[in-house]
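Read the structure below first, then the notes.
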Protein chains: 2
Amino acid sequence: MSEETVPLNTEKRIKEAARKVFMEKGFDGTTSRDIAEAAGINVALTNYYFRSKEKLFKMIFEDAHREFFHESHELLQKPISLREKIPQLMAADFNLFSKTPNLSLFLLAERHRHPELLASVEQPSALGFFLNQIQEAVEQGEIRPMAPAHVLQLIMANVQFVYLSKPVMVQCANLNPTTYADFAGQHQQLVTDMIMNYLFNF
Amino acid sequence: MSEETVPLNTEKRIKEAARKVFMEKGFDGTTSRDIAEAAGINVALTNYYFRSKEKLFKMIFEDAHREFFHESHELLQKPISLREKIPQLMAADFNLFSKTPNLSLFLLAERHRHPELLASVEQPSALGFFLNQIQEAVEQGEIRPMAPAHVLQLIMANVQFVYLSKPVMVQCANLNPTTYADFAGQHQQLVTDMIMNYLFNF
DNA sequence: ATAAAAATTAATCAATTGTTTAAAACATTG
DNA sequence: CAATGTTTTAAACAATTGATTAATTTTTAT
């Protein structure tokens, strides 16, 4: 009943193992043999199914981006008010990153160090819709005037940084690593409250 | 008058080059020859002055932490009210990270991937003083009740993430990379305002 | 059952890695 | 100047890297 009971086909085994290892150690810190060992297969199979370490990484990297964008995609263009939408967005993001705590660091770090390995991250049109919605809300005096990018920044920062900073917070504020999920949960409520207050009460 | 006019002694040349390369590419992405080339010296000199790539990295890594902590050290334990202190802290942090935009990513990423290369990051007592000050302010009803760690998280997140997310923001919100510093500056005012409002008006 | 195709393996490849060596160049001191 | 110590160099080291090979096992189809 543990986690090693999934046989799967070889290709998926490799991809799953590669995802785990790449996310933990990054492209540069990961060797072909790391992946092979994690997947329990021969080193040559990685190049048999995917043609190179680089090609494999590109797939994982793209998947990770899709995972990030996809979850909020529908929500972003839903025809509901910002008063509803923003808390739902933040909840969805918190949910995603609590399940995959170092997705954020992976995306940010690898994007910084290997922008060439990031193929086609189509700027999702849903995001454009959301930014437009903010702009209109500003113009109609519904929310505090500011460039839409600031709202995006507020949401992303206050959700993702909780997970980015876990080691730092554990050390600096003497938080218990095992109860960090609780802290993150409290923080979600807090920042959602704070951002909503700031946007709507002015 | 450019930047290549600094002769310096060899040891400092290496350390400076190593800092630049390590901060950009991380420990795993940096080769001894990368450093040598950036410093304009022979490969062997890195091991002559510092005994290994690992030892050199440890120094750089520690220095980067000191840079981060030192700047706020005095401020943190200054006997002034939180109403003064928090905006000053955020301004100081913004100032630091605007001068070294990828310091944050470097610290977070390398700490995650190579915790063993982080020697003695003494949890600064100044931080303890600050957290105490917050706790007392909560007990006296001066600020909204919350665990002090949340305040720390709010400050760090909203300052650092602006620099962490530059590539993402540029792409997602169509920001101009060359004017990103302006955006960051506006955001500083915005988040300082937001956090102060949230803490003191409740 | 047998042939063809696909999947897997161990062994090996050249290139690059961090590090060391031994000699040369430079500086310092008597 | 000679002698000594320090700094710098080119060359080489073994180990590890991503990738390929050619042979073998397993699967599939006839």
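Predicted, not measured: the structure shown is a model, and the values here were computed from it. Protein chains get the first letters and strands the later ones, always in sequence-line order, with residue 1 at the start of each.
When each of B:Met23, B:His65, B:Gln160, B:His112 is tested with B:Leu107 by the rule side chain to side chain contact (heavy atoms under 4.5 Å, CB included), just one qualifies, namely B:His65.
A:Asn197 has its side chain out of reach of B:Asn197: every pair of non-hydrogen atoms, C-beta onward, lies at least 4.5 Å apart.
Within residues 28-36 of chain A, the residues approaching DNA chain D are A:Thr30, A:Thr31, A:Ser32, A:Arg33, by heavy-atom distance under 4.0 Å. Within residues 52-59 of chain B, the residues that place at least one heavy atom under 4.0 Å from DNA chain C are, in residue-number order, B:Ser52, B:Lys53.
In this structure, B:Glu37 places its CD atom 13 Å from P of C:dT16, rounding to the nearest Å. The distance between atom CG of A:Asn47 and atom P of C:dT8, rounded to the nearest whole Å, is 14 Å. Remark: P of C:dG18 and CG of B:Asn42 are 14 Å apart, rounded to the nearest angstrom. Atom CG of B:Leu45 is separated from atom C1' of C:dA24 by 13 Å (rounded to the nearest Å). We find that CG of A:Leu8 is positioned 16 Å from P of C:dA7, with the value rounded to whole Å. The interatomic distance linking B:Ile41 (CD1) with C:dG18 (P) rounds to 13 Å, in whole Å.
Applying the 4.0 Å criterion to OP1 and OP2 of C:dT8, one finds that A:Thr10 has a side-chain N or O inside that range.
You'll find the ring centres of A:Phe161 and B:Phe161 outside the 6.0 Å limit. Note: B:Phe106 and B:Phe22 fail the aromatic proximity criterion, with ring centroids not under 6.0 Å apart.
In this structure, A:Arg144 is positioned above the aromatic face of A:Tyr198, its NZ or CZ under 6.0 Å from the six-membered ring centre and within 45° of the axis. Geometrically, B:Lys78 does not engage B:Phe129 in a cation-pi contact, judged by NZ or CZ lying under 6.0 Å from the ring centre and within 45° of the ring axis. Judged by the 6.0 Å and 45° rule, B:Arg113 forms no cation-pi pair with B:Phe27.
In the model, A:Asn158 has a side-chain atom that pairs as donor or acceptor with a side-chain atom of B:Asn158 under 3.5 Å.
Using a 30° and 60° split on the angle between ring planes, A:Phe183 and B:His150 fall in the parallel class, below 30°.
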List every contact pair, protein side and nucleotides 21-23 of chain C side both N or O, where the distance is under 3.5 Å.
none

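Counting 5' to 3', DNA chain D first comes under 4.0 angstrom of a heavy atom of chain B and last does so at the ends given by D:dT6 to D:dA12.
Evaluation of the side-chain hydrogen bond (donor to acceptor under 3.5 Å, both in side chains) rule for A:Gln135 yields A:Glu139 as partners, not counting sequence neighbours. With sequence neighbours excluded, no residue forms a ring-ring contact (aromatic ring centres under 6.0 Å, His included) with A:Phe130.
Between the side chain of B:Glu62 and the backbone N or O of B:Ala119, no donor-acceptor pair lies under 3.5 Å. For B:Asp34 (side chain) and B:Thr30 (main-chain N/O), no donor-acceptor pair under 3.5 Å exists by modelled atom type.
As judged by a 4.0 angstrom heavy-atom cut-off over every strand, B:Tyr49 is placed among residues touching the sugar-phosphate backbone only.
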